[in-house]
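Note on naming: letters A, B, ... go to the chains in the order of the sequence lines (proteins, then strands), and numbering restarts at 1 for each one.
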2 protein chains.
Amino acid sequence: MILNADILSHIPLFQGITVDELARLDTVLYPHIKNASSGEFLSYPEDVIEDTGIVLEGRIHMISEDFWGNQNIIAEFTKNTLFGEAHSISRTPLFFSLVAVEPSNLLFIRTQQILNAARCGDNGILKLYHNLMTIIIQKKLNYMKKADILSRRNLREKVSAFLSEEYQKNGTPSFTIPYDRQQMADYLSVDRCALSKELSKMKKEGILDYRHSWFQLKTL
Amino acid sequence: MILNADILSHIPLFQGITVDELARLDTVLYPHIKNASSGEFLSYPEDVIEDTGIVLEGRIHMISEDFWGNQNIIAEFTKNTLFGEAHSISRTPLFFSLVAVEPSNLLFIRTQQILNAARCGDNGILKLYHNLMTIIIQKKLNYMKKADILSRRNLREKVSAFLSEEYQKNGTPSFTIPYDRQQMADYLSVDRCALSKELSKMKKEGILDYRHSWFQLKTL
DNA sequence: ACTTGTATGTGGTATTTGCAACGGAGGTGT
DNA sequence: ACACCTCCGTTGCAAATACCACATACAAGT
């Protein structure tokens, strides 16, 4: 049996699935393992994919490339995260490549089988379907938030929007963000130095305080 | 009966649902109609919502506001589109407001009922669930594309990425986009004049041709 | 204590983008 | 034909940001 309860216990997609249900899923989902070496491409633009990938070990980059060849990393998938779930359901051609950037150990399952089996009212599958929905919604909300932040017209507003999201996540105006300065700049798609300058300006104006990854928002 | 087959026939969420199934849904989904006047708020940040909204007539804006009060329109919902579906499933607090910007006629349905009833194996509900999944995935992919474009570091790359998406949608390097110049600038979150300048520069360099909404991409 | 390395902040300059003003093209109604 | 309007492109200038070089702070190892 490929679907191992120990391995899958930390993967959100399989939360709440019992060992018995897992045994059934093992026959339904056609699970298979793939090892990818660093730099190996898993799929290319225009591919239509059938499987959802799950990172057991390693790191995958989703890379988009425009008509003239400029590249951009759209997403990174690390341990226990899913990739390809949306495109394998909608069966639309990819608009990006998937590349392993570390030696990776991957589990693939036949996504369409979740939808098919859901019609039979199988309990384990319905849980899986619901988990899948939850994960996709979470990803959708994350992309929405990112688009919200990136659509702000200048650096000050991007920083403000980003910190407001973090403030909302934490519930208090004093919190620690999960990024260092460079990662924060990357998320905001701005230059690190420009970000440092803007933060320092905002601190001087008294609207926030910070030190490394710790921030405190202030009303005037 | 509130769920009217004629009205719903153009709404993607109800595609493929038979008239009989619709009658059952009418009792299950607790549908209700609401008329909103222009400027009326439908919900506020931090609200936890129970319903998916469907625009029968009118226009709704999704507006986010940061800690210091800067506003941003994240999304616009027009006739036959859904809003609030993700948050009413995940039951996480909103990070935006919903406002009618025209007198609007709205249909609301109890989202959680779709998930509950799916467990009973009801056929109409399962179709609805699947339609919902498809819509959410489509929205997710759109936000992904938008985030991809907006995360490009300068205007040239934003334009390139945007036109490449349109190229991929159309399949040929010569196509018409569904925006005028101002709308295109808004989508890219840049100044209209700056966009005109960049396009004109790219035309001079011979990497593309355009006239109003028509574009042609060229390899060098 | 010293070296090394990494993360962060700062200053100066070049480049990009925003902004305001304007002119031309094309459409519409009188 | 004329006035009027909207959309688009252009120009000049101001403001914001990227880029480069370097200083400082802090942590880890020797």
Phosphate OP1/OP2 of D:dT10 contacted by B:Ser200 side-chain N/O (<4.0 Å): yes

Closest nucleotide among D:dC19, D:dA18, C:dG18 to the A:Val190 side chain: D:dA18

Sugar-phosphate only, base, or nothing, as touched by B:Arg153 at under 4.0 Å among non-hydrogen atoms: nothing

Touch class at under 4.0 angstrom, heavy-atom based, for B:Arg192 against every strand present: base

Ring centres under 6.0 angstrom apart (B:Tyr167, B:Phe215): no

Check: B:Lys197 side chain, D:dG12 base, donor-acceptor under 3.5 Å: yes

From C:dT10, C:dA7, D:dG9, nucleotide with atom closest to B:Tyr210 side chain: D:dG9

Which nucleotide in D:dT17, D:dG9, C:dC19 has an atom nearest any side-chain atom of A:Ala194: D:dT17

A:Glu198 and its salt bridge (Lys or Arg N to Asp or Glu O under 4.0 Å) partner, picked from A:Lys158, A:Arg156, A:Lys204: A:Arg156

B:Tyr179 side chain near D:dC8 phosphate (N/O to OP1/OP2, under 4.0 Å): no

Centroid separation B:His87 to B:Phe96 less than 6.0 Å: yes

Lys/Arg cation over aromatic A:Phe95: B:Lys145, 6.0 Å, 45° cone: yes

Selection from C:dT17, D:dT11, D:dC8 that lies nearest to any side-chain heavy atom of B:Leu155: C:dT17

